[in-house]
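Here the structure is laid out as structure tokens; the discussion comes afterwards.
The first residue of the sequence shown is numbered 1, and numbering continues consecutively from there.
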Amino acid sequence: MVCKKCGCDALIKKEDWYICPQCGAQIFDSGTDEPSPTHEVEQAENDITQTEKEDSTAVEPAPKAEKENNKKDSKEEEEKSPLKDTIDFLAPIVIAVVIAILLKTFVFANAVVPTGSMLDTIQLKDRVIASRLAYINDDPERGDILIFINPDYDEDLPQGNGNEKYYVKRVIGLPGETVEIVNGVTYITDSEGKQYQLDESSYLREEQIGDFGPYEVPEGCYFMMGDNRNASLDARYWQNKFVTKDNIIGKVKFRYYRAKEYRQSTFDFFAPVS
């Protein structure tokens with residue numbers, strides 16, 4: 001038998017033990033082929049050491065693999081970052097543009113009044129907003145100010161000199177009524193034949209002059225005139241005298257911009273129109 005510690009082969013047997021004369025190690029002699037307690041302890045220590053080595057070998061690649069994965073993710077994130085930043089920047093702009101288009105198409109309409117035909121209610125170059133939803137369930141009433149398609153508009157001619165596509169005027173005659181102006185006074189004859197004088201003192205800038213009419217307003221149509229009555233190119237002068245409901249864009253609600261020369265104050269921008 002050889003000493004497991006120092007390798008000495010001159011062990012001294014004493015009863016059930018072998019004693020190494022060099023290092024003093026004691027080895028139990030079981031007298032059988034079974035391993036001695038000392039051998040079992042050593043074997044257990046060897047097993048533990050081997051297990052730790054195996055665990056270390058198995059665990060060691062994990063941090064390396066994790067590190068490689070982290071590098072890959074970081075690289076992908078860096079590659080996606082410019083695209084993500086671009087999307088984050090453009091998304092609110094695109095959404096705002098889409099909302100504005102939808103509102104302009106289905107909810108609001110705006111127009112620039114290029115002439116003084118609606119003075120003093122609307123000044124020259126005023127920008128106004130109209131509601132497209134105003135007449136979904138209702139019909140226009142006398143006195144409403146509308147944006148509508150010019151009944152005489154000719155798309156083959158340049159705009160201007162009365163050929164603007166959109167006009168802004170006030171409703172004077174309703175469907176089934178007759179409108180007549182005598183000595184500057186507007187008279188309305190309703191569908192039952194009753195005639196009365198129209199009070200326009202709240203919006204006319206000066207007394208109306210001249211005789212016009214009579215104009216019999218067809219069903220589904222409206223007779224329109226400007227508030228600056230003596231200088232307004234309105235239904236009295238159109239070839240097609242009446243505006244159909246289908247050609248009404250919306251009811252003017254407020255002015256959102258006024259040209260500098262017509263402002264009454266620095267902040268004269270938003271104001272209701274009636």
Is there a path from [X] to [Y] through hydrophobic residues (I, L, V, M, F, W, Y) whose side chains come within less than 4.5 Å of each other?
{"X": "I248", "Y": "V179", "answer": "yes"}
{"X": "Y262", "Y": "I129", "answer": "no"}
{"X": "V243", "Y": "I136", "answer": "no"}
{"X": "L133", "Y": "Y256", "answer": "yes"}
{"X": "V273", "Y": "Y166", "answer": "yes"}

Parallel, tilted or perpendicular, judged at 30° and 60°: which one describes the rings of F254 and F270?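 Tilted: the ring planes of F254 and F270 meet at 30° to 60°.
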Just how far is it from atom [atom1] of [X] to atom [atom2] of [Y], taken to the nearest 0.5 Å?
{"X": "I172", "Y": "R142", "atom1": "CD1", "atom2": "CZ", "result": "8.0 Å"}
{"X": "D227", "Y": "D120", "atom1": "CG", "atom2": "CG", "result": "9.0 Å"}
{"X": "Y203", "Y": "M225", "atom1": "OH", "atom2": "CE", "result": "7.5 Å"}
{"X": "L198", "Y": "I181", "atom1": "CG", "atom2": "CD1", "result": "9.5 Å"}
{"X": "Q208", "Y": "N183", "atom1": "CD", "atom2": "CG", "result": "10.5 Å"}
{"X": "T178", "Y": "I188", "atom1": "OG1", "atom2": "CD1", "result": "8.5 Å"}

Is a salt bridge present between E261 and K125, judged by a nitrogen-to-oxygen distance below 4.0 Å?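 Yes, charged N to carboxylate O under 4.0 Å.
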Salt bridge or not for K169 and D234, using N-O below 4.0 Å? no
Please give me the minimum heavy-atom distance between [X] and [Y], naming the atom from each residue.
{"X": "D139", "Y": "Y222", "value": "CB-OH, 3.8 Å"}
{"X": "P175", "Y": "G220", "value": "CB-N, 3.7 Å"}
{"X": "E219", "Y": "G176", "value": "OE2-CA, 3.7 Å"}
{"X": "P158", "Y": "N163", "value": "O-ND2, 3.1 Å"}
{"X": "S117", "Y": "S232", "value": "CB-OG, 3.7 Å"}
{"X": "I147", "Y": "A109", "value": "CD1-O, 4.2 Å"}

Decide yes or no for [X] and [Y]: does some side-chain heavy atom of the first lie under 4.5 Å from some side-chain heavy atom of the second?
{"X": "I145", "Y": "V168", "value": "yes"}
{"X": "N150", "Y": "E164", "value": "no"}
{"X": "R170", "Y": "R229", "value": "no"}
{"X": "L146", "Y": "I249", "value": "no"}
{"X": "M118", "Y": "V252", "value": "no"}
{"X": "Y167", "Y": "N247", "value": "no"}

Kindly determine whether F223 and F242 satisfy side-chain contact (heavy atoms from CB on, under 4.5 Å), including the steps that lead there. CA-CA 5 Å; F223 187 80; F242 310 103; 3.7 Å; yes
Which is it for D211 and E180 under the side-chain contact (heavy atoms from CB on, under 4.5 Å) test, yes or no, and what are the steps along the way? CA-CA 8 Å; D211 298 326; E180 185 175 12; over 6 Å; no
Taking atom types as modelled, is there a side-chain donor on T244 or D246 under 3.5 Å from an acceptor on the other? no
Could you tell me if Y135 and D144 have a donor-acceptor pair between their side chains, going purely by distance under 3.5 Å?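 The answer is yes; a qualifying pair exists.
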Might you confirm whether atom [atom1] of [X] has over 12 heavy atoms from other residues, nucleotides or ligands at distances under 6.0 Å?
{"X": "E207", "atom1": "CD", "value": "no"}
{"X": "N161", "atom1": "CG", "value": "no"}
{"X": "E141", "atom1": "CD", "value": "no"}
{"X": "E216", "atom1": "CD", "value": "no"}

Does the separation of the ring centres of W238 and Y215 fall below 6.0 angstrom?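 No, the ring centres sit 6.0 Å or more apart.
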Set out, in order, the CA-CA distance, both residues' side-chain angles and the distance that settles side-chain contact (heavy atoms from CB on, under 4.5 Å) for D126 and Y257, then state yes or no. CA-CA 6 Å; D126 275 3; Y257 174 82; over 6 Å; no
Would you find a donor on one side and an acceptor on the other, under 3.5 Å apart, between the side chain of R255 and the backbone of F269?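 Pair found, side chain donor or acceptor close to backbone of F269.
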Any donor-acceptor N/O pair, N110 side chain to R127 backbone, under 3.5 Å: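 Side chain of N110 to backbone of R127, a donor-acceptor pair under 3.5 Å: no, none is there.
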